[in-house]
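Okay, so here's the structure we're looking at.
These numbers were taken from a predicted model, which means no experiment stands behind them. The chains referred to below are lettered A, B, ... by the order of the sequence lines, with proteins before strands, and numbering in each begins at 1.
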Amino acid sequence: MTVVGGDAGGLSASPPPNSVSRLVGSGRADDASRSPGRSGLFRGAARVAATLPLLALAGTITILTVKALPSIRVNGLHFLTGSAWKPGSTYGATVRTNGVEHPLGASYGIWPLIVGTLQTSAIAVVLAVPISIGAAFALTERMPTWLSRPLSLAVEILAGIPSVILGLWGVLTLGPFLAQHVYPLVADHVPDVPVLRYFRGPTGHGEGLATSGLVLTLMIVPIITATTRDLFRQVPTLPKEGATALGMTDAETARRVTVPWVRTGIVGATVLGLGRALGETIAVAMISGAALNSVSANIYGTMGTIAAAIVTQLDSAYTDGTGFAISALAEAALVLAVITVGVNLIARLVISRSGRLTAPVGRSG
Amino acid sequence: MTTRSAVVRLTGEAKQWRERNQVENEYGAEPGRSVEHAAPPEVTLANLEDPLLETMDPESGRPKHVIECRGLSLSFGQSRILSEVSVKFQRGTITALIGPTGSGKSTFLRTLNRMNDKVRDFHHEGAVHLNGDDIWSSAQNLLSLRRRVGMLFQRPNPFPMSIKDNVVAGVKAHRIAKGKQLDVVAEQRLIEVGLWEAVRDRLDDSPFRLSGGQQQLLCLARALATGPEVLLLDEPTSALDPVSTEFVEALLRGLAPALSMVVVTHNLGQARRISHNTMFLYGGRLVEHGPTASLFEHPFDPQTERYVSGRMG
């Protein structure tokens, strides 16, 4: 009887020819193939994989900064606080400011775009979070499986709809509808008091802040809902039963036990959605009305966001032979990146504060 | 039957019961919400004919038995879990519910606070009375039933909120107390379960850093805080170490005269140590029910004998 295959480890002592020790022998051969060298290789690969995202982020920010330097030199802080988007004369002579060559009269300030970006994202998050938590709760706790399964699928499909489709729908259908039937109603009935005053005034044609915010809401609801739904599924039964046994209603159980149990995860899901809203480009470019130079006077007015401005201005920026307009777009992109990273960090801070009383999912019950 | 004056005379036990309910009132209870259960059923000529009256305790004016089940059958869909169980739980005692897995103990226990109502295809026949009130009657509010019948689970299940908020979660939900009164309730209940010294300096901390035994005590404090008439315990120490188990058992024994308890347990030693009466369920039937000592020492039924002697799983 010979030893067959399996133990191709090249052992010096070949196993005795009987079936039992053959098994033992192949076991030893497996051990031999698990050399420390291999696990070192694995560790190395894991390290590279783990640092890759960090390198990508650092690389992007570095390149953006380098590209943005001319704009930073010329526009200075005015880039953040000013509200003029002026490419200058691309036909006339160029001038030099702080050693940077740029078209005469070129000046860039993205304050309205920063405000627009934050406004649309804020609208989207404020509306989407409660809707998503409610939807996730309904999907996991309230509906029979035959209903929740197709709806769950629909949520995931909605999350994958290309934003250009939603943008087109927003500008062709939703915007005009809202401008005709909803916005005037709201504008006429809201009292003229601080804060709410922002909902009064001319309602436009449906392209602007409100419509952009609503379409963004629609885009991030599926993301937050899908994540929150998965979180709710992980909440153990026992604490929920405990709340029920204590005489809490289902709503009280949800508010005091189920949602707090996964609070950290919900904040994470919200950040995910917020990231999408901050960076959403094409849909907002279609719906916002592309006003680059002014902050909207009320919630219905036209406006712009950083991302939308970058995509709509790219073409004309190429016509700037000095490359100054491209540099300005790079700086705008840098600002957007900083805002996104900053929002992430703030959210993480919130998590570390509020997560104190949160049970880690999967523990205790 | 007795005269009305005899009905309102207070025995020692009834006094304790009264005092417990008065303590609740000092928290500032809404009269309508918390005192309703405390008032003994009024005995008038009109309800003299009520068959329930026969089971009245003339000393306290309440039914003698805190829970009474008559012909209780439970089923999920086609499978029958419990058949025709009629049993009375004596006030102020601990009743152990023993029986092999699948005998219907937990289902029975969870029926007493109507936790099974939400389960699909759950059907029940027969009646359960809590201090004379039909638990399934339309007049019985489900939420206040669960305030009257507390529950402790197999494993500690603290809520994701501070230790203090955990203790008063039920109190808040039922609006029994609010504001500063909550601190009083929390302290009192934590003292009652012997946890106060351990947590007094970290009332605002997470309960998840407490040990398993401490977490279970916290859950007990939470269940006691709403002032239940009955406490249901579903294998309350099965996840605890022996020292914590001993502590919890001593605590439950101490709660006994003032509170009635029903304990599901797989641990026969525990049943012997803490319970006054024991019910043996087997295959969905109540095989035997009697004082713990005699049930273990001189069981009537051969099945009980086999189970308590360890010859049946």
Contacting moiety of B:Arg222, where chain A heavy atoms sit under 4.5 Å: both
Closest heavy-atom pair and its distance - A:Ala245, B:Met151: CB-CB, 3.9 Å
Atom pair CG/CG of B:Asp234 and A:Leu238 - distance to nearest 0.5 Å: 9.0 Å
Which atom of A:Pro239 lies closest to which atom of B:Pro158, heavy atoms considered: CB-O, 4.2 Å
side-chain contact (heavy atoms from CB on, under 4.5 Å) assessment of A:Glu241 paired with B:Asn157: CA-CA 9 Å; A:Glu241 280 197 329; B:Asn157 55 352; 5.5 Å; no
Gap separating the OG1 atom of A:Thr244 from the CZ atom of B:Arg114, nearest 0.5 angstrom: 13.0 Å
Minimum side-chain heavy-atom gap B:Phe159-A:Met248 below 4.5 Å: yes
More than 12 heavy atoms from other groups under 6.0 Å of CZ on A:Arg197: yes
Whether B:His174 side chain and A:Leu246 backbone form a donor-acceptor pair below 3.5 Å: yes
Options A:Glu252, A:Lys240, A:Arg256, ranked by heavy-atom pairs under 4.5 Å with chain B, top entry: A:Arg256
